[in-house]
Amino acid sequence: MGRIGKLGTVGAALACVVALPALAADELPQDWQFGFQAAATPVREHIDTLHNELLIIITVITLFVLALLAYVMIRFNAARHPAPSQTSHNSVLELIWTAVPVLILLAIAIPSFKLMYYMDRTPKPDMTLKVTGHQWYWTYEYPDSKLSFDSNVLSDEADAKAGKPRMLGVDNPVVVPVGAVIRVLVTSTDVIHSWFMPAFGVQEYAVIGRTNYAWMQIDRAGTYYGECNQICGNNHPFMPIEVHAVSKDDFAKWLDAAKKKFAHNDGTAPAIRMAGRVAQ
Ligand SMILES: [Cu+2]
């Protein structure tokens, strides 16, 4: 095997290490993981693609600047070059070092804007999920099904008992069907929160008196976790998000059960209240 062949093998082996290990039903970041948590929606796949493109561009720029610095330091140090050049400008060079960065920025801006518009426009939605942030818990509403419930963080003991990751498990998780285009409406009743689901590429501010929106189409079943990531007060770390993506049949079954379980709710958000950590 030639040197390049060997390099290729090492590269392939590295790529295997960098690629995410097989994930269980709980979709969580792994210890010593490289890169992002595995993408579970088309939006997140597009974000990964742009991220990887930027990584190549920034690496090439960094190596180029490093090489220039090394060249200047070695070739033009005081010992080798005791009489400094009196050159003060060079029109061609100045034109190049202005135009090339502009072209690089354009090359970054075009895919970046494309991604922003892609994230912004919900394709024809199959269902709507309304998320309301409170100090310090979430309310979820399914306006198509006239269903609403609160979702509170679990105590450490309850997390351990349920086999959920500490401070990420909730009493009432969001359940959504795999493959459905879900329009997510996000708002708040007190301070600014943020509904952040890394695996879905969704991070939307929950602002009082305003409805922000995002969309997600989860491509595989699993349990996904997120958190409020806008500092919102005392219990900010205690308002996690737990999303179960299930098959359409399981979703229909859950919906029937949930309508009975949360029958006391008439589809409107409950009054603001202080959330304690729920022990179950
Ligand atoms: Cu919050």
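Both ligands and their constituent atoms are indexed starting at 1 by order of listing. Positions are given from 1 along the sequence. All values below were derived from every heavy atom in this structure, side-chain atoms included, with hydrogens, water molecules and symmetry-related copies excluded.
- A side-chain donor from one of Ser194 and Asn229 sits under 3.5 Å from a side-chain acceptor of the other.
- Hydrophobic clustering of Ile, Leu, Val, Met, Phe, Trp and Tyr side chains at less than 4.5 Å, counting indirect connections, keeps Met216 apart from Tyr213.
- Side chains of Glu242 and His244: a donor on one and an acceptor on the other come within 3.5 Å.
- A salt bridge does not link Lys253 to Asp249: none of the charged side-chain nitrogens sits closer than 4.0 Å to a carboxylate oxygen.
- Excluding waters, the protein N/O/S atoms found under 2.8 Å from the Cu ion (ligand 1) are His193 ND1, Cys228 SG, Cys232 SG, Met239 SD.
- Shown here is Tyr205, whose OH atom has no more than 12 heavy atoms of other residues, nucleotides or ligands within 6.0 Å.
- Taking each heavy atom of Phe200 and Thr41 in turn, the nearest pair found is O-OG1, 2.8 Å.
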